[in-house]
Amino acid sequence: MTYHPKSDFMSVMIERGYLADCTDYQGLDEALSKGVVSAYIGYDATAASLHVGHLLNVMMLRWLQKTGHKPITLMGGGTTKVGDPSFRSDERPLLGPDQIASNIDGMRKVFARYLSYDESATGAMMLDNAEWLDNLNYLEFLRDIGRHFSVNRMLSFESVKSRIDREQSLSFLEFNYMILQAYDFLELNRRYGCVLQMGGSDQWGNIVNGIDLTRRVLDHEIFGLTSPLLTTSDGRKMGKSAGGAVWLNEEMLSPYEFWQFWRNTTDADVGRFLKLYTELPVAECERLGALSGSEINEGKIVLADEVTALLHGREAAEAAKATAREVFEKGGVGDDLPSVTLSEDEIGGGISVVQLIVRAGLAGSGKEAKRLISDNGAKLNDVPLTDAGLVIDRAALAAPIKLSAGKKRHALVRLG
């Protein structure tokens, strides 16, 4: 891109690799240069925690606040009842109000680590679109808002077209989602003066809808900005690990496992991820990312330290690093390793090592655990495990035992 921004925020977005597209680069940059800009990202409350896939956009909100602007985290208490069909092959399961409220509470903990929520001009706000969606009058909404939407145009959006092209059902409920999300932007602009919506590039159609609706109804100039949808250099979707989603709440994923996820970053991704997920100077990110051979491990450790410190605190990051050193360099048993605690009843006359590998999350099934053992990929207390029929009894658990899958994944098994 040849455009040279005036505002600090746009400079950061471009220099660090956050920017995929913008509805009006120059207009937004001018607005950011003149005063405090309010911007929002929407989050549907479909789980009790955010995951690593959300972290890129959370960092964008953090940079927005650090460069003197006002971030809004919009919780989808209303839209979660409908479900976003974007690029999904099926309809989302519908959640009840109690589950939605509980999920929002879980997500709030993560946002508080990255943003300062206060009453200042740049203090973050957490809002819930149920505030304006729950009490909508359907006939008035159709008359005042629905008339601004062209079904022909909505059918042309990639998120909808991909479902129709695959001949997969798209319910009328889901079809309404993009109208509701556009209405969110209108209400945020009307109620709170919000002029910018950000999101992943899969949200481009929804963002453009909101801008168009707000211009038609209020005649206000507003903007949209998207981030790239990240995949790792080996083609995997960012945020997925062998054990499933990489959650940001420590109750769902320990700081050690979170640290280890970043430590296992592919060599080619280190520099890019340092720019996106840490606040280290760009030159330092590029220096670490350019290291080669075994030296690139220094970059991976810095990446894991910095990302974990932002989320869980510096102390947790240091503890995770110490545990990793204990486990990998000294072959010891680190206290912070993920652990499984068995009761006396569960042990009974003994429990198979295959069951323990599955319980510890090191394999997804008994079949996978047996294959791991037959491929010489499993260890028990750092000794190769060769017998898939091995039974662990009470005596063997007099002290915690360490199970390993490959070189990087470990867990402790304890007797409660």
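Computed from a predicted structure; not experimentally measured. Only heavy atoms go into these numbers, but all of them, side chains included; no hydrogens, no water, no symmetry mates.
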Heavy atoms, side chains only, cut-off 4.5 Å: are Phe149 and Leu213 in contact? yes
Checking Asp267 now: which residues fulfil side-chain contact (heavy atoms from CB on, under 4.5 Å) with it, not counting sequence neighbours? Ile296, Lys300
Quiz question: by atom type and distance under 3.5 Å, do the side chains of Asp144 and Tyr183 form a donor-acceptor pair? no
Under 3.5 Å, side chain of Gln203 to main-chain N/O of Thr226, donor-acceptor pair present? no
So, taking the atom named CE in Met178 and the one named CG in Asn176, what distance separates them when rounded to the nearest 0.5 Å? 9.5 Å
Side chains of Asp184 and Trp132, donor plus acceptor under 3.5 Å: yes
Pairs where residues 97-117 contributes a residue and the test salt bridge (charged side-chain N to carboxylate O under 4.0 Å, His left out) is met, not counting sequence neighbours: Asp105-Arg108, Lys109-Glu251
Under-4.0 Å salt bridge between Arg143 and Glu140: no
Which heavy atom in Cys285 sits nearest to a heavy atom in Arg16, and how many Å separate them? SG-NH2, 3.9 Å
Considering non-hydrogen atoms only, spot the tightest contact between Lys70 and Ala121 and give its length. CD-O, 3.5 Å
Per the salt bridge (charged side-chain N to carboxylate O under 4.0 Å, His left out) rule, what does the pair list look like for residues 18-32, sequence neighbours excluded? Lys6-Glu30
Looking at every non-hydrogen atom in both residues, tell me the closest pair between Ala20 and Tyr25 and how far apart they are. O-OH, 4.2 Å
Please set out all donor-acceptor pairs under 3.5 angstrom arising from side-chain atoms of residues 34-41, sequence neighbours excluded.
residue : atom : partner : partner atom : Å
Tyr40   : OH   : Gln197  : OE1          : 3.0
Tyr40   : OH   : Gln197  : NE2          : 3.4

Is His54 reaching over with its side chain to a backbone N or O of His51, donor-acceptor style, under 3.5 angstrom? yes
Could you tell me which residues satisfy side-chain contact (heavy atoms from CB on, under 4.5 Å) with Arg287, sequence neighbours excluded, listed by chain and number? Glu284, Leu291, Glu298
Less than 4.5 Å apart, any side-chain heavy atom of Gln181 and any of Phe185? no
Would you mind listing every ring pair (Phe, Tyr, Trp, His ring centres under 6.0 Å) that reaches into residues 100-126, with sequence neighbours excluded? Tyr43-Phe111
Rounded to the nearest 0.5 Å, what's the gap from CD1 on Ile179 to CZ on Phe141? Could you check? 6.0 Å
When you look at Arg325 and Glu318, which way does the salt bridge (charged side-chain N to carboxylate O under 4.0 Å, His left out) test go after all the steps? CA-CA 11 Å; Arg325 192 180 299 120; Glu318 290 300 324; 5.9 Å; no
Residue pair Leu74 / Met126, side-chain heavy-atom distance below 4.5 Å: no
Mind checking whether Leu50 and Leu55 have side chains closer than 4.5 Å, heavy atoms only? no
For residues Met60 and Leu225, determine if any side-chain heavy atom of one lies less than 4.5 Å from a side-chain heavy atom of the other. yes
So the side chain to side chain donor-acceptor pair (under 3.5 Å) pairs with at least one residue in residues 268-283 (sequence neighbours excluded) are Arg62-Glu279, Ser233-Asp269, Asp269-Arg272, Lys275-Glu286
Determine whether Met75 and Ile100 make a side-chain contact, defined as any pair of heavy atoms from C-beta on separated by less than 4.5 Å. no
Phe223 and Ala31 have their tightest heavy-atom pair at CE1-CB, 4.3 Å
Please find the pair of heavy atoms, one from Ala324 and one from Gln260, that lie closest to each other, and give the distance. CB-OE1, 4.1 Å
Filter on side chain to side chain donor-acceptor pair (under 3.5 Å), then keep only pairs touching residues 359-378, sequence neighbours left out; what's left? Glu346-Arg359
Indicate yes or no for a side-chain donor-acceptor contact from Thr23 to the backbone of Gly224 under 3.5 Å, with no hydrogens or angles considered. yes
In sequence, state the C-alpha distance, the side-chain angles, and the governing distance for Ser49 and Met107, and then conclude on side-chain contact (heavy atoms from CB on, under 4.5 Å). CA-CA 5 Å; Ser49 169; Met107 294 163 76; 5.7 Å; no
Closest contact, heavy atoms only, Ser227 versus Asn57: OG-OD1, 3.0 Å
Using side-chain contact (heavy atoms from CB on, under 4.5 Å), reason through Glu306 and Arg314 one step at a time and then give a plain yes or no. CA-CA 8 Å; Glu306 293 302 313; Arg314 184 64 63 183; 3.2 Å; yes
Intermediate values then yes/no, side-chain contact (heavy atoms from CB on, under 4.5 Å), Thr67 and Gln65: CA-CA 5 Å; Thr67 53; Gln65 190 169 45; over 6 Å; no
Once side-chain contact (heavy atoms from CB on, under 4.5 Å) is applied, do any residues pair with Ser150, and if so which ones, sequence neighbours excluded? Asn152, Arg153
Output for pair (Thr79 OG1, Asn129 CG), nearest 0.5 Å, gives 4.0 Å
Rounding to 0.5 Å, atoms CH2 (Trp247) and CZ (Phe261) come to a distance of 13.0 Å
Ala378: side-chain contact (heavy atoms from CB on, under 4.5 Å) partners, not counting sequence neighbours: Ile357, Leu372, Ile373, Leu385
Ile222 CD1 to Leu196 CG distance, which is reported to the nearest 0.5 Å: 9.0 Å
Do Leu115 and Leu61 come close enough that some side-chain heavy atom pair is under 4.5 Å? yes
Between the side chain of Thr122 and the main-chain N/O of Gly68, is any donor-acceptor distance below 3.5 Å? no
Residue pairs passing the side chain to side chain donor-acceptor pair (under 3.5 Å) test with at least one member in residues 216-225, sequence neighbours excluded, are Asn189-His220, Asp212-Arg216, Arg215-Glu221
Is Thr73 reaching over with its side chain to a backbone N or O of Met125, donor-acceptor style, under 3.5 angstrom? yes
So does Ala130 get a backbone contact from the side chain of Asp128, meaning a donor-acceptor N/O pair under 3.5 Å? yes
Can you spot which of Val302, Leu303, Ile301 makes a side-chain contact (heavy atoms from CB on, under 4.5 Å) with Asp305? Ile301
Going by side chain to side chain donor-acceptor pair (under 3.5 Å), name the residues that satisfy it together with Ser120, two or more places apart in sequence or in a different chain. Asp118
Should Met59 and Leu276 count as side-chain neighbours, where that means a heavy-atom distance under 4.5 Å? no
Say whether, by atom type as modelled, one donor and one acceptor occur between the side chain of Asn249 and the main chain of Gly106 under 3.5 angstrom. yes
Once you round to the nearest 0.5 Å, how far does OG1 of Thr214 lie from CG of Leu186? 4.5 Å
